[in-house]
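Only one structure is covered here, and it is reproduced in the block below.
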Amino acid sequence: MSSQQHLFSETRPVQPAQKNEDPAPAPVWLQRLSLIVLVIFCFYIGGILSLLPWWPRYWDQNGWLLAHPSLDAMLQHGWVRGIVSGIGLLDVWIGVSELLHYRDYRA
């Protein structure tokens with residue numbers, strides 16, 4: 001058994017000291033593209049959540065909800081529609097806020 005080598009060495013290799021520098025920011029075109037994608041996503045999801053509860057075709061006559069009567073009874077309350085619409089408006093507001101407070105980060 002003395003001819004076998006140890007699987008793990010008992011000493012740890014010494015690593016060179018690392019500097020605590022921040023990584024370089026992403027390129028400006030990538031920062032702007034991510035902003036555009038985020039704003040479009042926020043507007044799209046916010047618009048859907050704001051308007052969907054007030055369209056009878058999608059909210060009142062939904063086949064999946066009609067198959068689940070207990071969930072349908074809860075979702076037909078006005079306060080639930082208001083909460084869903086409020087979340088949608090909040091999402092649109094987040095998109096506008098991100099658009100207005102955008103700053104490029106340069107190295």
Side-chain angles (χ1 to χ4, degrees):
M1 288 274 180
S2 63
S3 64
Q4 288 183 342
Q5 295 179 357
H6 293 289
L7 185 59
F8 299 104
S9 64
E10 294 181 16
T11 59
R12 293 186 177 180
V14 177
Q15 296 180 353
Q18 297 176 353
K19 296 179 183 177
N20 292 333
E21 294 179 4
D22 292 332
V28 174
W29 67 268
L30 186 60
Q31 295 175 29
R32 291 178 182 171
L33 181 66
S34 66
L35 173 74
I36 290 169
V37 169
L38 176 69
V39 168
I40 289 173
F41 178 76
C42 286
F43 283 176
Y44 183 73
I45 298 298
I48 287 174
L49 287 175
S50 296
L51 299 176
L52 192 67
W54 306 107
W55 285 341
R57 180 177 174 208
Y58 294 108
W59 198 263
D60 296 334
Q61 303 162 0
N62 188 331
W64 187 81
L65 287 177
L66 292 176
H68 299 85
S70 60
L71 184 61
D72 185 44
M74 187 186 79
L75 289 178
Q76 295 308 321
H77 292 292
W79 60 271
V80 175
R81 290 180 177 201
I83 288 174
V84 172
S85 293
I87 291 172
L89 292 175
L90 183 65
D91 200 22
V92 170
W93 179 63
I94 289 170
V96 170
S97 175
E98 288 291 327
L99 189 62
L100 293 177
H101 296 104
Y102 172 73
R103 300 271 192 286
D104 285 335
Y105 294 104
R106 299 179 189 256

For Trp29, the ring-ring contact (aromatic ring centres under 6.0 Å, His included) test, sequence neighbours excluded, returns none
- What about Leu71 and Val84, same hydrophobic cluster or not, with Ile/Leu/Val/Met/Phe/Trp/Tyr joined at side-chain heavy-atom distances under 4.5 Å? yes
For Leu38 and Glu98 the tightest heavy-atom approach is CD2-CG, 3.7 Å
d(Gln31 CD, Arg103 CZ) to nearest 0.5 Å is 12.5 Å
When every non-hydrogen atom of Gly88 is compared with those of Leu49, the smallest separation belongs to CA-CB, 3.5 Å
| said: Do Leu100 and Leu89 sit in one hydrophobic cluster, given that two such residues count as connected whenever their side-chain heavy atoms are within less than 4.5 Å of each other, even indirectly? | reply: no
Side-chain heavy atoms of Arg32 within contact of Val28, under 4.5 Å
yes
On a heavy-atom basis, the closest approach of Phe43 and Val92 is CE2-O, 3.7 Å
Of all heavy-atom pairs linking Trp54 and Ser50, the shortest is CD1-O, 3.3 Å
query: Has the side chain of Ser97 got a donor or acceptor atom that lies under 3.5 Å from a matching backbone atom of Trp93?
result: no
To the nearest 0.5 Å, atom CD1 of Ile40 lies from atom CG of Leu35 at 9.5 Å
Practice item. Say whether Leu51 and Ile48 are linked into one hydrophobic cluster, either directly or through other cluster members, by side-chain heavy-atom distances under 4.5 angstrom. Key: yes
Closest non-hydrogen atoms of Gly46 and Asp91, given as atom of the first, atom of the second and distance, are N-OD2, 3.4 Å
In this structure, CG of Leu99 is separated from CD1 of Ile94 (nearest 0.5 Å) by 13.5 Å
d(Leu52 CG, Arg57 CZ) to nearest 0.5 Å is 11.0 Å
Closest non-hydrogen atoms of Gly95 and Cys42, given as atom of the first, atom of the second and distance, are CA-CB, 3.8 Å
dist Ser85:OG -> Leu90:CG (nearest 0.5 Å) comes out at 12.5 Å
Greater than 12 external heavy atoms within 6.0 Å of Tyr102's OH: yes
Item to complete: Following the transitive rule for hydrophobic clusters with a side-chain heavy-atom cut-off under 4.5 Å over Ile, Leu, Val, Met, Phe, Trp and Tyr, establish whether Leu66 and Trp55 coincide in one cluster.
Response: no
Quick note, side chain to side chain donor-acceptor pair (under 3.5 Å) partners involving residues 58-67, not counting sequence neighbours, are Asp60-Arg81
